[in-house]
Amino acid sequence: MEDLPAKQENLDDPPNSRLFAVTSRSLTEEQLRESFAVFGDVQGVWVVKDKQTKESKGISYVKFSKSSQACTAMEEMHGKVLVEGTKPIKVFIAQSRSSNRHRDVEDEELTRIFVMIPKTFSEEDLKDTFKEYGDIEYCVIIKNKFTGESKGLGYVRYYKPSQAAFAIENCDKSYRAILAEPRSKANVTEEYSGGAPRGDYSGGGGGGGGGEEEEEEGGVQDSTNQYAFPMAPEPVNYQQIDYRSGDFTRCLMVSTRAALTQEQIFALFDLIPGMEYCELQRDAYGLSKGHALIRYSNLGSAVYAKDKLNGFEFPPGNRLGVSYVDDGEDRSSPVGRMAMQFVATQMMSSAWNGPSNNQQGMKPPPPSYPPVSNMQRIQTDVSLPPLKKLFPPDTKAKERLFVVFSPSPLPHDVLEDVFCRFGSLIEVHLVPLRKVGYMKYADKQCADDALAALHGRIVNGVKLKVMLADPPREESHKRPRTY
DNA sequence: CGACGGGACGC
DNA sequence: CGACGGGACGC
């Protein structure tokens with residue numbers, strides 16, 4: 001594209017982050033950029049021109065850094081008249097460059113996600129988990145037809161592509177959310193054959209199968225594009241900042257299906273101190289498009305506002321979706337990092353055990369205490385330390401314990417309750433249909449403590465053998481390891 | 001004794 | 001109708 005510096009840019013990365021626009025031939029790259037920049041980080045704009053005459057062919061491409069930005073821009077800009085007297089523009093997600101299809105990419109292909117979920121999840125649980133990213137048309141869990149038991153896989157259909165993109169980008173990585181393939185039975189997956197790098201539909205933006213978005217050589221040094229800088233991937237072995245993979249910013253976007261007024265949205269977000277900008281997005285007729293942009297003077301307010309208002313019902317029955325919007329700030333500075341760390345630490349307390357949207361109260365975040373709910377659930381001959389918080393699921397494990405249960409395995413939640421108490425527990429993994437499990441710890445000493453305290457002990461009538469786990473089997477070549 | 005990171009929908 | 005250019009990392 002016109003302002004992309006010399007770097008590898010043949011693939012659409014992340015997938016579905018590039019727009020294809022049909023416009024008046026008079027529309028310039030500058031006009032396009034100006035119109036689309038409000039929706040996110042525009043990495044490039046390119047108006048296709050005739051080789052000889054150099055005249056525009058009325059076709060353009062706009063590359064965003066995120067699929068959600070591209071989708072939002074598409075939803076907002078499709079059908080708009082950018083210059084008085086010219087035809088309304090058409091905007092679609094661009095076909096991947098490797099694709100030969102000439103059909104438009106339809107919303108149908110962009111609004112349904114495919115996720116991996118605990119087998120215990122009901123469709124209600126699924127909906128509750130993913131409603132924070134947008135209005136859900138329906139949720140389905142894939143079940144065994146005979147036994148009715150969940151296969152641990154589900155589909156979530158949103159109304160808008162941007163909502164699906166937000167879900168993929170921001171939901172917990174453990175859900176492995178990707179765009180669902182359309183329902184057609186002929187599943188032509190020739191993209192996986194050979195060594196084809198990254199098919200456009202194989203991953204979804206950053207959340208799915210692709211692993212972390214680590215910085216790539218070349219992309220970071222580009223001083224003409226300050227937005228291209230992802231959060232510095234520091235090796236943090238505790239309390240990972242970015243537990244939901246979205247960057248924190250001072251800017252928020254709220255989406256609503258019900259028509260809200262500027263005043264209503266202002267009043268709502270003004271409940272959190274520090275709001276310095278609030279604007280409802282309107283169409284050419286001054287009608288609300290169901291989106292508003294809000295900016296706070298500081299990161300903490302924005303994070304808190306997102307935490308509290310995302311999924312908030314206003315008016316009752318209408319759930320608001322609140323997401324971060326890239327504000328182009330340099331978050332690589334030490335100060336910025338510290339601010340985020342601080343804020344993230346405060347958020348952790350509400351983030352651990354389930355959704356954090358408590359509908360009551362706009363008070364500042366309370367200090368974090370471990371959950372104290374189920375006191376008498378554990379019967380054991382061990383004197384257990386108090387509960388401690390889990391570490392984020394994507395924390396690097398420094399030690400794993402291998403646990404054998406006799407005569408039968410303990411439930412997942414009981415194990416979490418017991419094994420978290422020595423600190424730094426990342427996750428409990430029970431091997432299906434077996435009487436063994438793994439406990440991932442971020443800190444070796446914590447794991448050793450747990451081993452020492454629990455080996456040979458009896459919990460709820462189940463005897464535990466606890467030992468250090470053998471190193472994991474070699475990863476498949478499907479997915480590069482993040483660490 | 002007891003070993004593990006995976007993915008698809010009855011229209 | 002409306003689908004893909006220009007330029008070339010360099011330690």
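- Set against B/dC9, C/dA3, B/dG2, the side chain of A/K435 has B/dG2 as its closest nucleotide.
- Taking the side chain of A/K90 as heavy atoms from C-beta on, and the options B/dG5, B/dA8, C/dC1, the nearest nucleotide is C/dC1.
- Atom C1' of nucleotide C/dG2 and atom CD of A/E106 are separated by 15 Å, given to the nearest angstrom.
- A ring-centre distance under 6.0 Å is found for A/Y61 and A/F20.
- Picking from B/dA3, C/dC4, C/dG6 the nucleotide with the shortest atom distance to the side chain of A/Q95 gives C/dC4.
- Between A/Y175 atom OH and B/dG5 atom P there is a gap of 18 Å when expressed in whole angstrom units.
- One can place OH of A/Y438 at 13 Å from P of B/dG2, the figure rounded to the nearest angstrom.
- A/W46 does not qualify as a stacking partner of the C/dC4 base, lacking a centre-to-centre distance under 5.5 Å together with planes within 30°.
- Within 3.5 Å, a donor on the side chain of A/R112 pairs with an acceptor on the base of B/dC9, or the reverse.
- Listed pair A/R25 / C/dG2 meets the phosphate criterion, a side-chain N or O lying under 4.0 Å from OP1 or OP2.
- For the pair A/D417 and A/R421, the salt-bridge criterion is met [side-chain N within less than 4.0 Å of a carboxylate O].
- In this structure, A/H429 atom NE2 and B/dC4 atom P are separated by 8 Å, rounded to whole Å.
- Set against B/dG10, C/dA3, B/dG7, the side chain of A/D104 has C/dA3 as its closest nucleotide.
- You'll find that the side chain of A/I59 is closest to C/dG2, out of B/dG5, C/dG2, C/dC4.
- Atom NZ in A/K119 sits about 13 Å away from atom C1' in B/dG5, given to the nearest Å.
- Distances from the side chain of A/F92 to the nucleotides B/dG7, B/dG5, C/dG2 place C/dG2 closest.
- Side-chain atoms of A/Y155 lie closest to B/dA8 of the nucleotides C/dG5, B/dA8, B/dC4.
- Remark: P of B/dA3 and CZ of A/R434 are 4 Å apart, rounded to the nearest angstrom.
- Centre separation under 5.5 Å together with a plane angle under 30° holds for the ring of A/F20 and the six-membered base ring of C/dA3, marking them as stacked.
- Here A/V115 lies in heavy-atom contact (under 4.0 Å) with a base.
- Taking only side-chain nitrogens and oxygens, A/K63 never comes nearer than 4.0 Å to OP1 or OP2 of C/dG5.
- Between A/K54 and A/D50 there is no salt bridge, since no side-chain nitrogen of the basic residue lies less than 4.0 Å from a carboxylate oxygen of the acidic one.
- Using a cut-off of 4.0 Å between Lys/Arg side-chain N and Asp/Glu carboxylate O, A/K143 and A/E123 are scored as salt-bridged.
- Rounded to whole Å, atom P of B/dG6 lies 14 Å from atom CZ of A/F114.
- Salt bridge annotation for A/K440-A/E416: absent, with no cationic side-chain nitrogen under 4.0 angstrom from a carboxylate oxygen.
- What separates NZ of A/K151 from P of B/dG10 is a distance of 8 Å, to the nearest Å.
- The side chain of A/K57 sits closest to C/dC4 out of C/dG2, B/dC9, C/dC4.
- Heavy-atom nearest nucleotides on DNA chain B were determined for A/A469 and for A/S174, and the one closer to the 5' end corresponds to A/A469.
- Relative to the side chain of A/R183, the nucleotides B/dC9, B/dA3, B/dG6 differ in distance, and B/dC9 lies closest.
- Taking the charged nitrogens against the carboxylate oxygens, A/E108 and A/R157 do have a contact shorter than 4.0 Å, which makes a salt bridge.
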